[in-house]
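Letters A, B, ... mirror the listed sequences (proteins, then strands); counts begin at 1.
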There are 2 protein chains.
Amino acid sequence: MARKTGSHSEITGPRVRAAAERLFARQGYAAVSMRKIAAEVGVQAGALYLYTKDKQALLFDMMDAHMVSLLDAWQELDPGGDPMTRLEALVRFHIRFHMERQDAVFIAYMELRNLTPENYAAITARRKAYEQVVEGILSDGKASGAFAVEDAHLSAMAVIAMLTGVNTWYREGGRLSLERVEEIYWDMVRKSLVG
Amino acid sequence: MARKTGSHSEITGPRVRAAAERLFARQGYAAVSMRKIAAEVGVQAGALYLYTKDKQALLFDMMDAHMVSLLDAWQELDPGGDPMTRLEALVRFHIRFHMERQDAVFIAYMELRNLTPENYAAITARRKAYEQVVEGILSDGKASGAFAVEDAHLSAMAVIAMLTGVNTWYREGGRLSLERVEEIYWDMVRKSLVG
DNA sequence: AGATTATCTGAACATACGTTCATTTCAAGG
DNA sequence: CCTTGAAATGAACGTATGTTCAGATAATCT
């Protein structure tokens, strides 16, 4: 047997990426074999190499796409103007964006050490870019007197860690709606940064 | 060849656990083979099984020991009394304790999915116990009016995420001393929870 | 000194891995 | 209807995996 009835490149390609993302998030990159991914797609392992150079590219491409998407989405949404307004927008954006991409976020945080040195450097650069978006807002707010921030970098890291942490405990249909979570987190972030 | 000169169980045992912790933290459980651990210790792979039932026990035992140590250390240090005092003690304790055990903390957060279901349940129970320590302090503070907390559980998770995040960016000998970091984080946590 | 026992080796086990490739099958175009 | 090429198979490759175990060795005890 070979080519399956109804098989098509434009369908299989995305399905490979989706299966890899699901499995990497649930079991970890190192624990997921190409054969497992292929089985999830309904194909033999060899066929995956029509859609990716190798296993490493599968990981890197999804991480890079995620980071680019994060940076692009914020650039689109950034209201500009005063730091308080921008930070509120960022807090709400961050929570929403990350909650809608739980698998990709999980992978972006957990699989850094499974990247080759070159790929690691590339992803790290994107991460730093996002961190500097946050740090920039805090710096502006410090300069304008809107925020009582001692160290903009430290506070940026603290805020990001706190926000991303939502992913580890929030489950849809739980006690709190995502809007409510957004509200409370923004309240905590704001208070932690003002007088 | 067989038994090495100067070989001794009380020495090799801890060295196996130390090597496993180092390697699991750096490369991930799934990516570390028993042969790699053995090589780090300077022994053949088969010898490891004198000190651990299997690879899974190596992971579980170190994670469980870490969690027990965390809970015990806090119980020892808990000053009791009013929530504000207790929370400050906890914030400083958490940062210090986690910074001194970077590898163990990393593993405790990253390798949950490589535990068997039974082991996962056991570790998760310990984690929940610690989360409830924090949540308990916030609840007390809410009841006494010391904290303006809307949802004690959510705030507890936010605080823990923020504090543990220090591990991802703080490097010894950097711009800020650990005492300074403790100070600033406590300031942020306190402000985020009051008025 | 000789016997005992804890400690470790080295080979073996079945199984799985990522990747390549000749071959086969199906869908589409003329 | 026949040709062409994209899409997938399935077998093969060398290597690595966790774990077991009979045998070898050095430290300890009598």
Expected rows: protein N/O vs nucleotides 11-16 of chain D N/O, under 3.5 Å:
from: dA12(D); atom 1: N6; to: Arg35(A); atom 2: NH2; distance (Å): 3.4

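A salt bridge links Asp103(B) to Arg26(B): one of the charged nitrogens lies within less than 4.0 Å of a carboxylate oxygen. Ion pairing of Asp151(B) with Arg175(A) is present here, as a side-chain N (NZ or NE/NH1/NH2) and a carboxylate O approach within less than 4.0 Å. Of the charged side-chain nitrogens involved, none lies within less than 4.0 Å of a carboxylate oxygen, so that Arg15(A) and Glu21(A) do not count as a salt-bridged pair.
No side-chain donor from either of Ser69(B) and Asp72(B) sits under 3.5 Å from a side-chain acceptor of the other.
Side-chain atoms of Lys36(A) do not come within 3.5 Å of backbone N or O of Ala20(A) as any donor-acceptor pair. With hydrogens and angles disregarded, no donor-acceptor distance shorter than 3.5 Å links the side chain of Lys191(B) to the backbone of Arg190(A). Between the side chain of Gln56(B) and the backbone N or O of Thr116(B) there is at least one donor-acceptor pair closer than 3.5 Å.
Across residues 111-123 of chain B, not one residue has a non-hydrogen atom less than 4.0 Å from an atom of DNA chain D.
Nearer to the 5' terminus of DNA chain C, by closest-nucleotide assignment, is the contact made by Tyr29(A) (compared with the other of Tyr29(A) and Ala47(A)).
Contact between the side-chain N/O atoms of Tyr51(B) and the OP1/OP2 oxygens of dC8(C) is found at a separation under 4.0 Å. Phosphate contact (OP1/OP2 of dA7(D), side-chain N/O of Thr12(A), threshold under 4.0 Å): absent.
Tested against His94(B), the residues Tyr130(B), Trp186(B), Trp74(B) include a single ring pair (Phe, Tyr, Trp, His ring centres under 6.0 Å) partner, Tyr130(B).
Of the candidate nucleotides dT19(C), dT7(C), dT19(D), dT19(D) has the atom lying nearest to any side-chain atom of Lys55(B).
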